[in-house]
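By convention in this document, chain letters (A, B, ...) are assigned in the order of the sequence lines, proteins followed by strands, and residues within each chain are numbered from 1.
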Protein chains: 2
Amino acid sequence: MKKIIYESPYVTADTVIFTIQDGVLKVLLIKRADVPFKGSPALPGVFLLKNESGLEAAKRALRSKTGVQAGGYLEQLYTFDSRFRDPRGHTISITYFALVEEKNLKIRLGKNLPNRQAGIQSPKLYPVNKLPRLAFDHKEIIELALLRLRAKLEYTNVVYSILQKFFAFSELQKAYEIIFGRKLDKRNFRKKFLSLDLIRPTKQILRGTRSRPAKLYEFKSRKPSSLKKFF
Amino acid sequence: MKKIIYESPYVTADTVIFTIQDGVLKVLLIKRADVPFKGSPALPGVFLLKNESGLEAAKRALRSKTGVQAGGYLEQLYTFDSRFRDPRGHTISITYFALVEEKNLKIRLGKNLPNRQAGIQSPKLYPVNKLPRLAFDHKEIIELALLRLRAKLEYTNVVYSILQKFFAFSELQKAYEIIFGRKLDKRNFRKKFLSLDLIRPTKQILRGTRSRPAKLYEFKSRKPSSLKKFF
DNA sequence: GCAAAAGTGTTGGCGTTACACCCATGG
DNA sequence: CCATGGGTGTAACGCCAACACTTTTGC
């Protein structure tokens, strides 16, 4: 076969990990321990291992950096493949975006790293609307992921992956408001969301909030599904 | 850098080229001249050359198989990267989808091929709803491309790329009907499309059709642009 | 004059938006 | 008792879908 005569580019998987923390949409970034862009925050990413798919690699990066085992949402975003995106040579990046509950995020020090680097590489959450200067084209990747995330909220149920199993309606609404970056009308939101038939009320009640207790809901299914339109 | 210890997968670019011919949505396929899947129709694709981006490679495949130089629409679709999709070894495919006018399609024999293979490799158009058995996972790729194409028609102006510069309203409507696979109401279609402000009437008139002559329209811009919603 | 496609408005229903007050609890 | 967020309905508007007849040409 001919393929031998071609020189394959390197292939990485980079993942944009979103979560909501303290009412703000944040992205998980790691300070690079090596050149190029040494010291700059970057998306967690790995080179593909032999015979490893991009999705497997993205899961590997997700697990090793966040401790998230499952329950989040993960999908392929786009493949960035410009010749010039990595000064070391042609490296294409299959990018993914992930949505995870903050409580599942057990941020870990990099494994198998000397302490000096572990300190530097330790992952941190950054608000998406106050991003620092990033390594490579990672800012562009995050911006695309954010567009995709907003679009997905409009016609899928993926918001389940950023909420706890039982949640108050106001928490659901806050997730939408935080991600969309605008306020929504409480009554209209309830009406619309209930009409989608994605969630059901439970017998759980959220108490201890110094205000009226809230009925808790759960998603009928915590698997991704698409709808007609939505918001 | 560590990357050296990883063995990169091979990287190809495969393109789903759509056009409308004789009122039917068709895809351009090439019969494979070599194993694996020798003799099966497949998407036109190429291995990435050194330092070549996926988009450049897709354009290269498009030009060499169809003679289309420009004017069509081309965008990245998805990256298929399962370990098992190519029996020869791990090969990831960055896939693209293209929309071209049929009249721009000058289907060419493969270059630099012995006649025996040229005959076999000669590209042909196949109706998307009567696809033969295809090589690799190419059927899956086409199905995804078709979903994307339908979605794009709903909120972008990309239909311009499958129409001639001047077109009758009925031709525009037919393009939508063929791609969506259902009839649309003539009056509602006109109303909705005109309200989008994407096209303008010209002084051209289409005569000689054994029926009432049609006013011809043109797109104000033949560059991709996105809108709110649409259909 | 007839076949064939072009061109043109109105109406009813449905979904979206805008909007304000009472309720249940914790402190 | 008061501060806090929970919970609820209605009316106006705009968008979308359904629908039929007249016009202009080629033959």
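If you measure from atom CZ of Phe189(B) to atom C1' of dC19(D), you get 18 Å, rounded to the nearest angstrom. For Lys191(B) and dT10(C), the NZ to P distance is 10 Å, given to the nearest whole Å. Residue Leu206(B) contributes atom CG, which lies 21 Å from atom P of dT23(D) at whole-angstrom precision. Lys186(B) has its NZ atom 17 Å from the P atom of dA18(D), to the nearest Å. Counting to the nearest Å, the P atom of dA5(C) and the CZ atom of Arg190(B) are 15 Å from each other. Taking atom CG on Leu172(A) and atom P on dG5(D), their separation rounds to 18 Å, with Å as the unit. As rounded to whole Å, 16 Å separates atom P of dT17(C) from atom CZ of Phe193(A). dG6(D) atom P lies 11 Å from atom CG of Leu216(A), rounded to whole Å.
Proximity note for Arg187(A) (side chain, C-beta onward) versus dT17(C), dG9(D), dC19(D): the nearest is dG9(D).
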Detail all sub-3.5 Å separations between protein N/O atoms and N/O atoms belonging to nucleotides 24-27 of chain D.
unit_1, atom_1, unit_2, atom_2, d
dT24(D), O2, Arg212(B), N, 3.2

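Under the 4.0 Å criterion applied to side-chain N and carboxylate O atoms, Glu102(B) and Lys26(B) are not assigned as salt-bridge partners. Arg200(B) and Glu218(B) are joined by a salt bridge, as a carboxylate oxygen and a charged side-chain nitrogen come within less than 4.0 angstrom of each other.
Within the 4.5 Å cutoff, side-chain heavy atoms of Leu163(B) are placed close to those of Phe219(B).
Checking Asp81(A) against Ser53(B) by side-chain atom types alone, no donor-acceptor pair falls below 3.5 Å. Residues Ser93(B) and Asp14(B) have side chains that bring a donor and an acceptor to within less than 3.5 angstrom of each other.
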